[in-house]
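Below: one structure, written as structure tokens.
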Amino acid sequence: GENVEQHPSTLSVQEGDSAVIKCTYSDSASNYFPWYKQELGKGPQLIIDIRSNVGEKKDQRIAVTLNKTAKHFSLHITETQPEDSAVYFCAASSLFSGGYNKLIFGAGTRLAVHP
Amino acid sequence: SQTIHQWPATLVQPVGSPLSLECTVEGTSNPNLYWYRQAAGRGLQLLFYSVGIGQISSEVPQNLSASRPQDRQFILSSKKLLLSDSGFYLCAWSERRSGQNTEAFFGQGTRLTVV
């Protein structure tokens with residue numbers, strides 16, 4: 001089955017620096033790659049996603065890149081702020097019959113942004 | 001706009017007691033519904049998904065069951081809880097769209113502690 005590996009497990013940066021989180025997936029049929037941010041005690045919130053027909057997508061300080069050949073995708077956060085501190089999850093999904101998409105998640109990255 | 005409600009937020013139950021967690025979605029119809037479990041410091045594991053009323057698929061064998069009595073209602077149950085059932089349970093929904101993966105949106109979660 002699909003497997004998603006995420007690195008690093010923890011990341012500590014100074015405010016204003018950039019943060020990069022990387023994920024690799026195993027199923028070449030995967031075609032949808034969302035990223036979620038989870039704050040303590042809350043449910044994950046979708047922050048950005050990318051589909052397999054796109055190589056890069058940007059939304060203000062957040063960008064995601066996808067390399068389908070290498071089966072890896074990355075989250076880039078620029079000009080980090082203390083409120084970016086959270087656990088970030090990547091996921092990969094392929095489409096099944098009936099319109100059901102099964103998300104397989106990475107183990108998460110705990111990002112700490114220090115003032 | 002669509003919203004997802006999940007309750008209770010926290011729950012402490014003795015071993016051997018029954019469980020019922022409820023999730024409802026508003027503002028959409030015929031959604032795909034999901035139950036995930038998150039162990040402490042780890043990623044999200046898909047437990048059940050549903051593509052319609054009464055249609056439940058299980059991803060992993062376990063002590064839990066799910067039901068979908070109404071289009072926008074998803075219930076997670078157990079007849080007798082085990083210590084290993086402790087965790088953070090998350091309900092999610094996604095729009096059913098033929099031929100395309102869609103975003104999944106999560107509830108705020110239920111922290112279950114079995115004592």
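Below, chains carry the letters A, B, ... as their sequence lines are ordered, and counting in each starts from 1.
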Exercise. Non-hydrogen atoms of chain A under 4.5 Å away: do they reach the side chain of B:L90, the backbone, both or neither?
Worked result: side chain
For this session: Any chance you could measure B:E59, atom CD, to B:L46, atom CG, to the nearest 0.5 Å?
Result: 4.5 Å
For this session: Determine whether the aromatic ring centres of B:F48 and B:W35 lie less than 6.0 Å apart.
Result: no
Problem set entry | Spacing of A:D49 atom CG and A:F73 atom CZ [to the nearest 0.5 Å] | 11.0 Å
Exercise. Which bit of A:R110 comes within less than 4.5 Å of chain B, counting heavy atoms only: side chain, backbone, both or neither?
Worked result: neither
Exercise. Which heavy atom in B:I53 sits nearest to a heavy atom in B:P69, and how many Å separate them?
Worked result: CG2-O, 3.9 Å
For this session: Can you check whether anything in residues 32-48 of chain A gets within less than 4.5 Å of chain B, heavy-atom wise, and list it by number?
Result: A:Y32, A:Y36, A:Q38, A:G41, A:K42, A:G43, A:P44, A:Q45, A:L46
Exercise. In terms of heavy-atom pairs under 4.5 Å, which option from A:A91, A:S93, A:S9 contacts chain B the most?
Worked result: A:S93
For this session: In plain terms, say whether A:E5 and A:K22 are close enough for a salt bridge, that is, a side-chain N and a carboxylate O under 4.0 Å apart.
Result: no
Exercise. Is the gap between the ring centers of B:Y36 and B:F106 under 6.0 Å?
Worked result: yes
For this session: Sort B:Q45 into side chain, backbone, both or neither according to what part of it lies under 4.5 angstrom from a heavy atom of chain A.
Result: neither
Exercise. Does NZ or CZ of B:R111 fall inside the cone over B:F88's six-membered ring, less than 6.0 Å from its centre and within 45° of the axis?
Worked result: yes
Exercise. Between A:R61 and A:D84, is the closest basic N to carboxylate O distance under 4.0 Å?
Worked result: yes
